[in-house]
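One structure is given here, and the rest of the page talks about it.
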Amino acid sequence: MKDFNFYAPTEVEFGQESEEKVAQLVTKYGGTRVLVHYGGQSAIRSGLLDKVCSQLQSAGIYFEKLGGVVPNPRLSKVHEGIALCRESRLDFILAIGGGSVIDSAKAIGYGVVYDGEVWDFYLGKADATQCVPVGVVLTIPAAGSEMSEASVITNEDGGIKLGYSNNICRPKFAIMNPCRTFTLPPYQTAAGVTDIMMHTMERYFNPDCDMTITDEIAEALMRTMQQSVLEVLKNPEDYRQRAQIMWAGSLAHNDVTGNRNNGDWATHNIEHELSGLFDVTHGAGLAAIWPSWARYVYRQNVSRFVRFAVNVMGVQNDFTDPEATALRGIEAMERFYHQIGMPINIHELIGRNVTDEEIDLMTRKCTLDDTKPQGRFMRLKAADVKAIYQMAK
Ligand code: NZQ
Ligand code: ZN
């Protein structure tokens, strides 16, 4: 068993009354002048933004608002946030939204206290030593950014989507009220669950899978998500199932299902090129790639895929033919994706054929011109990544 460090410092306030705690939590973590950061319309429409602002106001906490974060959050919005925080001497960032708003908040947090260009962190040219504290009011369970150390930003100059990970950006607190997710459209709900399951799958398919407790937690999470999403697609106001999904989103990415086993992450990195280039929903992009990735790599460890097929996808184990069982697990996942309205290839994702030039471009960017292999379950060079894009066409 490998040694590991587990670090999940985020305070979680979960439930229907959780938003009442927002001002108290901001104060607890040192916020006196707050940037309230949010997305497009959903937090305005639901009244959540007003509710949070009036809580801050009643507590005498100064705040300024910056909305307009889009899915696949843009670097230009980050620059805007940095300028506003500096100008108004803001010392805390409150993200109201999902992964995009939270990631934008983290990037602003890095940038405010850094003299150079914040994009340098994402390019790997510099490492952040400070970050303005971030708090979260979560509205969509998906990315897991509310407890993670990651931030993923798109530079619109070239459609370059890059992640940067650093423990110092982990949110101080996350407020999670499952009722706030009742308004999620079916597509976002399904893409969110796909992402949640994939954060666990990326960790589950790794070369050092030797911890039974971690595997069992991971499998329970992946089984539960399949049931929960079908229930909420039938009844969007099913509190119990919305709550399970919301909590699973955090557990799937705060490393409870991985314990620092350095998962695979090839599907994620191959997908990031899709959402960078075509501006698609991250979770849907993962569904379009995973089946092809799985068929390309499963022979590296057939028994792992058999275990996944049987324990997660409910496939009957054909002991005489492990490969057939493994492949039936992948097919079962494809059926599940279709059942919840997710694509299983790029054509279904973007509504047209991806061109060979686009595949070449994504392959080059994903592997940094074949200098950066992807994945750990199987080490993928540029030719492998290209083959996976071709299979996923
Ligand atoms: O902008 P608004 O109007 O709020 O609409 C949003 C957005 O269009 C909508 N939405 C959110 N809450 C809602 C709602 N609509 C109705 N009711 C609600 N309660 O949902 C849409 C998607 O929001 P977004 O924040 O983009 O979703 P998600 O949480 O899936 O975040 C995706 C981003 O996170 C990154 C992805 O790459 C992508 O850029 N990731 C971040 C990670 C991390 N920081 O750890 C890890 C992930 O693997 C992922 O890469
Ligand atoms: Zn993800």
Side-chain angles (χ1 to χ4, degrees), residues 10 19 37-49 67-75 77-78 95-107 109 122 134 136-155 159-167 169-171 174 176-203 232 236-237 242 245-246 249-250 252-255 263-276 279-287 289-290:
T10 306
E19 288 142 20
H37 201 34
Y38 58 98
Q41 284 302 312
S42 75
I44 300 172
R45 223 181 291 125
S46 69
L48 178 61
L49 181 67
V69 178
V70 293
N72 302 315
R74 308 295 201 262
L75 183 61
K77 183 59 71 177
V78 171
I96 304 179
S100 296
V101 177
I102 304 167
D103 288 2
S104 180
K106 290 172 173 177
Y122 295 79
V134 171
V136 172
V137 181
L138 189 65
T139 65
I140 170 171
S145 186
E146 66 278 6
M147 288 186 86
S148 85
E149 83 285 35
S151 157
V152 187
I153 298 294
T154 297
N155 186 340
I160 302 166
K161 182 171 179 175
L162 292 173
Y164 175 59
S165 291
N166 189 322
N167 271 327
C169 80
R170 287 194 197 249
M176 302 188 207
N177 177 357
C179 297
R180 292 294 173 188
T181 68
F182 290 173
T183 51
L184 279 171
Y187 192 78
Q188 288 298 336
T189 299
V193 168
T194 302
D195 195 19
I196 291 168
M197 290 180 67
M198 194 64 69
H199 290 158
T200 291
M201 287 152 71
E202 297 278 19
R203 292 170 163 93
V232 300
E237 304 203 358
R242 286 286 192 192
I245 295 172
M246 200 164 207
S250 300
H253 208 29
N254 74 0
D255 232 8
D264 183 75
W265 301 104
T267 305
H268 261 74
N269 290 329
I270 292 172
E271 189 293 318
H272 279 170
E273 298 309 329
L274 285 175
S275 41
D279 203 14
V280 290
T281 301
H282 167 63
L286 294 171
I289 292 295
W290 188 80

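Both counts, for ligands and for their atoms, begin at 1 and track the order of listing.
For atom 9 (C) of ligand 1, no protein non-hydrogen atom is found at a distance below 4.0 Å. Within the 4.0 Å cut-off (strictly below), no protein heavy atom is located near atom 6 (C) of ligand 1.
Within ligand 1, counting atoms from 1 as listed, the ones closer than 4.0 Å to a heavy atom of H268 are 48 (O). Near A150, with a cut-off below 4.0 Å to any heavy atom, the atoms of ligand 1 are 43 (C), 44 (N), 45 (O). Taking every non-hydrogen atom of G39 and a distance limit under 4.0 Å, the qualifying atoms of ligand 1 come out as 1 (O). In the vicinity of Q41, heavy-atom distances shorter than 4.0 Å reach the ligand 1 atoms 2 (P), 3 (O). Near S145, meaning under 4.0 Å from one of its heavy atoms, ligand 1 places the atoms 43 (C), 44 (N), 45 (O).
In terms of polar-atom proximity, A142 is not counted as a contact of ligand 1, lacking any N or O under 3.5 Å from an N or O of the ligand. The shortest N or O to N or O distance between A43 and ligand 1 is not below 3.5 Å. At a 3.5 angstrom cut-off on N or O pairs, K106 does not count as close to ligand 1. Residue V101 has no N or O atom closer than 3.5 Å to an N or O atom of ligand 1.
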*How far apart are the C-alpha atoms of Y38 and I44, what are their side-chain angles, what is the distance that settles it, and do they pass the side-chain contact (heavy atoms from CB on, under 4.5 Å) test?*
CA-CA 9 Å; Y38 58 98; I44 300 172; 4.0 Å; yes
*asked:* Please evaluate residues H253 and R203 with respect to the criterion side-chain contact (heavy atoms from CB on, under 4.5 Å), reporting the C-alpha separation (whole Å), side-chain torsions for both, the decisive distance (0.1 Å), and the verdict.
replied: CA-CA 9 Å; H253 208 29; R203 292 170 163 93; 3.2 Å; yes
*Derivation and outcome, side-chain contact (heavy atoms from CB on, under 4.5 Å), residues V193 and I245*: CA-CA 7 Å; V193 168; I245 295 172; 3.8 Å; yes
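Expressed to the nearest 0.5 Å, how far OG1 of T10 lies from CZ of R170 amounts to 7.0 Å. Here the OG-CG distance, from S104 to L75, works out to 9.5 Å after rounding to the nearest 0.5 Å. R180 CZ to R242 CZ: the interatomic distance, rounded to the nearest 0.5 Å, is 13.5 Å. How far CZ of F182 is from CG of L184: 10.5 Å, rounded to the nearest 0.5 Å. Atoms CD1 and CG, from I289 and N269 in turn, are 11.5 Å apart once rounded to the nearest 0.5 Å. Rounded to the nearest 0.5 Å, atoms NE2 (H37) and OG (S100) are 10.0 Å apart.
In this model, a donor atom of one side chain and an acceptor atom of the other lie less than 3.5 Å apart for S145 and D103.
Residues N177 and M246 form no side-chain contact, since every pair of their non-hydrogen atoms from C-beta on lies 4.5 Å or further apart. When side chains are defined from C-beta on, P236 does not count as touching T189, because their heavy atoms never get closer than 4.5 Å. Taking 4.5 Å as the limit, every side-chain heavy atom of P71 sits out of range of all side-chain heavy atoms of H282. Between N72 and R74, the closest side-chain pair of non-hydrogen atoms falls below 4.5 Å. Taking the side chain as every heavy atom from C-beta outward, D195 and T281 never approach each other to under 4.5 Å. Within the 4.5 Å cutoff, no side-chain heavy atoms of S148 are placed close to those of H199.
Checking S104, S100, P236, G98 against atom 24 (P) of ligand 1, the nearest heavy atom belongs to S100.
Nearest non-hydrogen protein atom to atom 29 (O) of ligand 1 is G99 N, 2.7 Å. Closest protein heavy atom to atom 27 (O) of ligand 1: I140 CD1, 3.9 Å. The protein heavy atom nearest to atom 12 (N) of ligand 1 is T139 OG1, 2.8 Å. Ranking the protein heavy atoms by distance from atom 19 (N) of ligand 1 puts R180 O, 2.8 Å first. In terms of protein heavy atoms, atom 17 (N) of ligand 1 is closest to T183 OG1, 2.7 Å. Looking only at protein heavy atoms, the nearest one to atom 35 (C) of ligand 1 is D103 OD2, 3.7 Å. For atom 15 (N) of ligand 1, the closest heavy atom belonging to the protein is S42 CB, 3.6 Å. What sits closest to atom 1 (O) of ligand 1 on the protein, heavy atoms only, is G40 N, 2.7 Å.
Contact annotation for S148 and ligand 1: only side-chain heavy atoms (C-beta onward) come within less than 4.0 Å of the ligand. With a 4.0 Å cut-off on non-hydrogen atoms, P71 touches ligand 1 through its backbone as well as its side chain. With a 4.0 Å cut-off on non-hydrogen atoms, L184 touches ligand 1 through its backbone as well as its side chain. Contact annotation: for H272 versus ligand 1, heavy atoms closer than 4.0 Å belong to the side chain alone. When non-hydrogen atoms are compared, ligand 1 lies under 4.0 Å from the side chain of H199 (C-beta onward) but not from its backbone.
Residue P73 places a heavy atom less than 4.0 Å from ligand 1. For K161, the heavy-atom gap to ligand 1 drops under 4.0 angstrom.
Listed for the K161 side chain is no donor-acceptor partner under 3.5 Å among the backbone atoms of V152.
Closest approach of I196 and A142 over heavy atoms only: CG1-O, 3.6 Å.
When the N, O or S atoms of D195 are ranked by distance to the Zn ion (ligand 2), OD1 comes first. Taking the N/O/S atoms of H199 in turn, the shortest distance to the Zn ion (ligand 2) belongs to NE2. Restricting H282 to its N, O or S atoms, the one at the least distance from the Zn ion (ligand 2) is NE2. H268 has its closest N, O or S atom to the Zn ion (ligand 2) at the position named NE2.
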